[in-house]
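Because the structure is predicted, anything quoted here is derived from the model rather than measured. Order of appearance sets the numbers: ligands from 1, and atoms from 1 within every ligand.
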Amino acid sequence: MKLLSHLDGELLALDGNALRRKRRTAESPCTPHVKVDGRAMLAFCSNDYLGLASHPLLIEALREGAGRYGAGSGASHLVSGHSRAHVLLEERLAAFMSPHLESAGAISFSTGYMANLAILSALGGPDTELFSEELNHASLIDGARLSRSSVKVYPHCDLAALEQMLHASAMQKKLVVTDSVFSMDGNLAPLPQLLALCERHDAWLVVDDAHGFGVLGENGRGALEHFSLRSPNLVYMGTLGKAAGVAGAFVAAHETVIEWLVQRARPYIYTTAAPPALAHALLASIDIIEGGEGKQRRAHLRSLIRQLKDSLRLAQWQHMDSGTAIQPVVIGENEAALRAAAKLEEGGFWVPAIRPPTVPVHTARLRITLSAAHASDEVERLALALNKIEKEI
Ligand SMILES: *Cc1c(COP(=O)(O)O)cnc(C)c1O
């Protein structure tokens, strides 16, 4: 069939450019010690930054939630799927984020991808100019398209360029959209300056804190706490499948914004509500994040980040300047990055090679992620292996 042979040709072209992706099968829970495709490996690739994904208290809470609420929600939130567990989670998240938002409300989503589609499609529109950071996550790019706003991409962390664009905009509604922690680089957006610009130009600032929530800030409130921000202009998106260790996402903002999302966000309205048991487990997760154990885990993670920086001795490859749990090593060409990942794998380390289009061409990289579940000698072993492999390649 012609349609299939066309796809076969396209797939061969991916092979030719070392761009074909393979899914690995994990046969154990998400911890640094995984069994993947039958083999024991030390993993540096999950976004389980606090090591909560297989925490006994969360597993227990998930069981308890299933017992109390059943397996599925049965319908969308506006029909009959909105359970007590969802209400309790939203109230908890609104209270948790309230130091940083005026009249805080929160709404939960099945995934961060959908939350981003929801925010941008509900707040944007043909009467909106949407200013999107160059390195934004794919879900924000797709949300911007779905919103039918006029989209302007501003260069990475370039405040002067953004200010000019805002100044030049005649559009009534303005939306500035950014990742807080850039997912393939690990650096932080200049949120205080972005917020000041947004307040001056009467624009919303949409912050995607997928890699900050639970990890950044004294109490794990993420990038807003890290930078001590508070403003009615903020629309905050945090994910719950990364540091929070379960699944889903939430938006926290002024309660009027939240009410608008309930009324108008199609990725919220036209989908079955997530299983209430997940919301129940997430209540336990927020307790850990906010409590003493969360603080300890964040402190341990910070010490591992420092340790990796101190132990890497790279001459050709570029260890990016990141203060977060995302610690990329840029290698350049796709084949070289794949070879480095394969060598690491031979040594029992699981580190993914990230290639275009996820990152710009010629910047293929190893994306090392650290977790509070790693031990310090494991990070040491990874650094030594990287130092050695760089010389070999
Ligand atoms: C992971 C991620 C998302 C999507 O969140 P999911 O809950 O995995 O759908 C959105 N934005 C960024 C920056 C992410 O890294």
Original post:
Can you get from V206 to L216 by hopping between Ile, Leu, Val, Met, Phe, Trp and Tyr side chains that sit under 4.5 Å apart?
Top reply: no
**OP:** Number the atoms of ligand 1 from 1 as they appear, then name those within less than 4.0 Å of a heavy atom of D179, with their elements.
**Re:** 13 (C)
Subject >> No-hydrogen, no-angle side-chain donor-acceptor test under 3.5 Å, H137 and Y113 >> reply: no
Original post:
Taking only heavy atoms of S139, which atoms of ligand 1 are found under 4.0 Å from at least one of them?
Top reply: 10 (C), 11 (N)
Original post:
In ligand 1, which numbered atoms sit nearer than 4.0 Å to a non-hydrogen atom of D208?
Top reply: 10 (C), 11 (N), 12 (C), 13 (C)
Subject >> Polar side chain donor-acceptor pair, Y236 to H100, under 3.5 angstrom >> reply: no
Subject >> Shortest protein contact, atom 1 (C) of ligand 1 (heavy atom only) >> reply: K242 NZ, 1.5 Å
Subject >> For N116, atoms of ligand 1 separated by under 4.0 Å from a heavy atom >> reply: 10 (C), 11 (N)
Original post:
Does the side chain of D209 pick up a donor-acceptor pair with the side chain of S180 at under 3.5 Å?
Top reply: yes
**OP:** May I ask you to list the atoms of ligand 1 that are less than 4.0 angstrom from any heavy atom of Y113?
**Re:** 4 (C), 5 (O), 6 (P), 9 (O)
**OP:** Pull out every atom of ligand 1 sitting under 4.0 Å from any heavy atom of A210, numbered as shown with elements.
**Re:** 2 (C), 11 (N), 12 (C), 13 (C), 14 (C), 15 (O)
Subject >> Q316 versus E390, side-chain donor and acceptor atoms under 3.5 Å >> reply: no
Original post:
Under 4.0 Å between a Lys/Arg side-chain N and an Asp/Glu carboxylate O for E290 and R92?
Top reply: yes
Original post:
Can you tell me which residue and heavy atom of the protein come closest to atom 6 (P) of ligand 1, and the distance to 0.1 Å?
Top reply: G112 N, 3.3 Å
Subject >> Pair R339-E335, salt bridge (charged side-chain N to carboxylate O under 4.0 Å, His left out): steps then yes or no >> reply: CA-CA 6 Å; R339 229 175 317 134; E335 293 82 1; over 6 Å; no
**OP:** Show which atoms of ligand 1 fall inside a sub-4.0 Å distance from at least one heavy-atom site of T111.
**Re:** 7 (O), 9 (O)
